[in-house]
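Heavy atoms only: backbone and side chains are in, while hydrogens, waters and symmetry mates are out. The structure displayed is predicted, hence computed values, not measured ones.
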Amino acid sequence: MDCDIRAFYKDKVVFMTGATGFLGKVIIEKLLRSTEVKRIYSMVRSKRGQNIQDRLKLWKADPLFDVLLRSKPDALQRVHAIAGDCFEPDLGISEQDRGILASEVQVVIHGAATVKFNEPLHIALAINTRATRLMLQLAKEMKKLVAYLHVSTAYSNSVIFRIEEKFYPDLLTCGSEKVLALSELVSDQVLDGMEPALRGDFPNTYAYTKALAEDVILKEAGSLPVSIYRPSIIIATYKEPLVGWVDNLYGPIGMIFGIAFGVLRMLCFNKSSYNSFVPGDYAGNVAIASIWQTAKDKKLTSRNPVDIPPKIYAFGAGKNLIQNKDFLNYALALREEIPLTQMIWYPFLFNVPSPTLYSIVAFFVHILPGYIFDLVLRLSGKKPRLIKLYKVIHENIFTTRYFTTNTFYFEVDNTNRLRDQMSSEEKTIFEFDMASLDWKEYWNQALKGMRVYLGKEPMTPESLTQGRRLLWKLKWAHYSIVTVIAFIAGYLLWFMIKLFML
């Protein structure tokens, strides 16, 4: 049936980049579990001494694939690694593998990217922008291609604060073709030195190079069946295949884990601003559904050729945004119920909105205790780690400040219409209705998932009891120190007043 997502994917061959990332793994797991996809070619690069085959073998031990492997034990055999690297000038794909992809692939999902906000421009441009052009060139060789999805970000045009599902070439200081041509003429050092002039008002190299990548799609996709997917901030899964699954310390979940661990104690943002969070499983489902719709749209336009730009599917929280002050409350909501057994201090958090004041207060709340903690580690023969960690934390807080102090509104009309095209059954199978999501219920589950999948601590009575005992000890120590500090501060204030009155 033409309107059936599962029927569309039956016996399809998919080529995917970014498959080892959080969203990539979610999409692959869902395709293998809920459709009869024939084969998935995954472009993978060697990393930290692991070859591409070893990296995919690790999936068998990943909790994300537990449900899949129980019902389909041989499912991962349908995933085949293709050696490649988006940083390489030819994507690092061998001629033999290019031939296989060109002759077999019907669906492309290009999700590979560097997501570091402070990545040097020459690296971000190569991975996020140039690789997009190279992927389009490869796709034009694919004889059976029916749909191509470019995974961008809802913040690719974050120069403005209300973003529609359309292209914004006018926000760029110059077009993608000129920037890419320039990158081939000058050295990496010179290009990095030109960053401020090229980047313009974009907050960082990540958003800028993702905007350039969209410009590449607009100008060079030609007649390819392409669409762009712009998810907002992706967080832990909500319902499937596991509740609250997450595998990295990036973003809001990583921040909450730092709070729960007793490391992160203060933030620097606008408490009245709003965030657009979306669960990982919902984000994966939108990607899968938008590919199906892209193929349908291509069939229609092939019958009645018209010159229209690729469709853009934005996915954000819609009207179901979370205010920063509420996020703070969610972050601490279950600290008494499900505390970690490896906490280094009692979890607490406060916000210092001024960057200058934050740096001063951070010295006393983060840095000074960090030196003391690292000294204890050194004396016990262990490697110090907290000061190095705080350097990363503070850098991340300041590099993300643009997004934590401003509110962005994403129009999602195309994505809403996409959901309207789905059958009632598949709206359940490929769920992504943000309007009905209960954030209180979500965070209750996500915080438990954080404890299990990031903290590696089971939700057993023994583990919870151990965590609560440690929490009580640290809480007693925390408030004892706070009381002593308050007494000393009060005494000094009384002494200064008395001195002044004399």
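The pair K311-D297 meets the salt-bridge criterion, since a charged nitrogen lies less than 4.0 angstrom from a carboxylate oxygen. We find that E240 and R33 are joined by a salt bridge, their nearest charged nitrogen and carboxylate oxygen being less than 4.0 Å apart. Using a 4.0 Å cut-off between charged nitrogen and carboxylate oxygen, E220 and R133 count as a salt-bridge pair. Between E104 and K144 no salt bridge is recorded (no basic side-chain N to carboxylate O distance below 4.0 Å). Under the 4.0 Å criterion applied to side-chain N and carboxylate O atoms, D281 and K30 are not assigned as salt-bridge partners. The pair E36-K10 does not meet the salt-bridge criterion, since no charged nitrogen lies less than 4.0 angstrom from a carboxylate oxygen.
The minimum heavy-atom distance between G316 and S276, with the atom names listed, is CA-OG, 3.4 Å. When all heavy atoms of V412 and A314 are compared, the pair lying nearest together is CG1-O, 3.3 Å. Minimum heavy-atom separation, G318 to L321: O-CG, 3.5 Å. Considering every non-hydrogen atom in both D247 and L454, the closest pair reads C-CD2, 4.1 Å. Considering all non-hydrogen atoms of both residues, P169 and D215 come closest at CB-OD1, 3.9 Å. Nearest heavy-atom pair, D192 versus L121, reported as atom, atom and distance to 0.1 Å: OD1-N, 3.3 Å.
When atom types are taken as modelled, the side chain of S42 and the backbone of A81 share no donor-acceptor pair closer than 3.5 angstrom. A distance-only check finds no donor-acceptor pair linking the side chain of T404 to the backbone of F269 [under 3.5 Å]. The backbone N or O of H80 lies less than 3.5 Å from no partner atom in the side chain of R39, so there is not a single donor-acceptor pair. Although no hydrogens or angles enter the test, the distance criterion places a donor-acceptor pair under 3.5 Å between the side chain of K12 and the main chain of F8. S463 places no side-chain N or O within donor-acceptor distance of the main-chain N or O of T460, the cut-off being under 3.5 Å. In this structure, Y390 contributes its side chain and V263 its backbone to a donor-acceptor pair below 3.5 Å. The main-chain N or O of A126 is never found under 3.5 Å from a side-chain atom of T129 such that the two would form a donor-acceptor pair. Remark: the backbone N or O of W245 is paired with a side-chain donor or acceptor of T237 at under 3.5 angstrom. Remark: the backbone N or O of Q77 is not paired with any side-chain donor or acceptor of D74 at under 3.5 angstrom. Between the E195 side chain and the P120 main chain, no donor and acceptor come within less than 3.5 Å of each other.
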### Message
If you apply the rule side chain to side chain contact (heavy atoms under 4.5 Å, CB included), what do you find for I312 with S227, and how did you get there?
### Response
CA-CA 6 Å; I312 296 172; S227 59; over 6 Å; no

### E141 vs R98, side chain to side chain contact (heavy atoms under 4.5 Å, CB included): CA-CA, chis, key distance, verdict
CA-CA 9 Å; E141 300 175 16; R98 288 183 76 95; 3.1 Å; yes

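Within the 4.5 Å cutoff, the side chain of F22 has no heavy atoms near those of the I27 side chain. Considering only heavy atoms from C-beta on, F408 comes within 4.5 Å of F403 through its side chain. At a threshold of 4.5 Å between non-hydrogen side-chain atoms, the residues I233 and P252 count as touching. Annotation: side chain of V146 is not in contact with side chain of V108 (no heavy-atom distance under 4.5 Å). The closest side-chain heavy-atom distance from Y229 to S152 is not below 4.5 Å. In this structure, K219 and S176 have side chains that are in contact, with non-hydrogen atoms separated by less than 4.5 Å. Counting only heavy atoms from C-beta outward, the side chains of N396 and T399 approach each other to under 4.5 Å. The side-chain heavy atoms of L134 and Q137, taken from C-beta on, include a pair separated by under 4.5 Å.
Residue R230 forms a salt bridge (Lys or Arg N to Asp or Glu O under 4.0 Å) with just one option from E165, E411, E214, and that option is E214.
For K178, the NZ atom counts as loosely surrounded, since its 6.0 Å shell holds 12 or fewer non-hydrogen atoms of other residues, nucleotides or ligands. In the displayed structure, Y274 atom OH is contacted under 6.0 Å by at most 12 heavy atoms of other residues, nucleotides or ligands. Applying the 6.0 Å contact sphere to CD of Q96 captures no more than 12 heavy atoms from other residues, nucleotides or ligands. Remark: Y330 OH is packed, more than 12 non-hydrogen atoms of other residues, nucleotides or ligands lying under 6.0 Å away. Crowding of D201 atom CG: a count of heavy atoms from other residues, nucleotides or ligands under 6.0 Å not exceeding 12.
Side chains of R199 and T173: a donor-acceptor N/O pair is absent below 3.5 angstrom, by distance only. For the residue pair E431/N285, the side-chain donor-acceptor check at 3.5 Å is not satisfied. For the 3.5 Å distance criterion, the side chains of E119 and T205 fail to qualify, holding no donor opposite an acceptor. Using a 3.5 Å distance cut-off with no hydrogens or angles, the side chains of N416 and R419 do not pair a donor with an acceptor. Side chain to side chain, N324 and N275 meet the donor-acceptor criterion of an N or O pair below 3.5 Å.
Between I322 atom CD1 and F327 atom CZ the span is 8.0 Å, to the nearest 0.5 Å. Note that the NZ atom of K298 and the CG atom of L145 stand 9.5 Å from one another [nearest 0.5 Å]. Rounded to the nearest 0.5 Å, atoms NZ (K388) and NZ (K391) are 9.0 Å apart. Here the CD-CG distance, from E164 to D413, works out to 8.5 Å after rounding to the nearest 0.5 Å. Between atom CG of residue L198 and atom CE of residue M194 there is a gap of 5.0 Å, rounded to the nearest 0.5 Å. Rounded to the nearest 0.5 angstrom, F430 CZ and Y282 OH are separated by 14.0 Å.
The six-membered or imidazole ring of Y41 lies away from that of F15, with a centre-to-centre distance of 6.0 Å or more.
Ring-plane geometry between F257 and F261 is classed as parallel, the angle between the planes falling under 30 degrees on a 0 to 90 degree scale with a further cut at 60.
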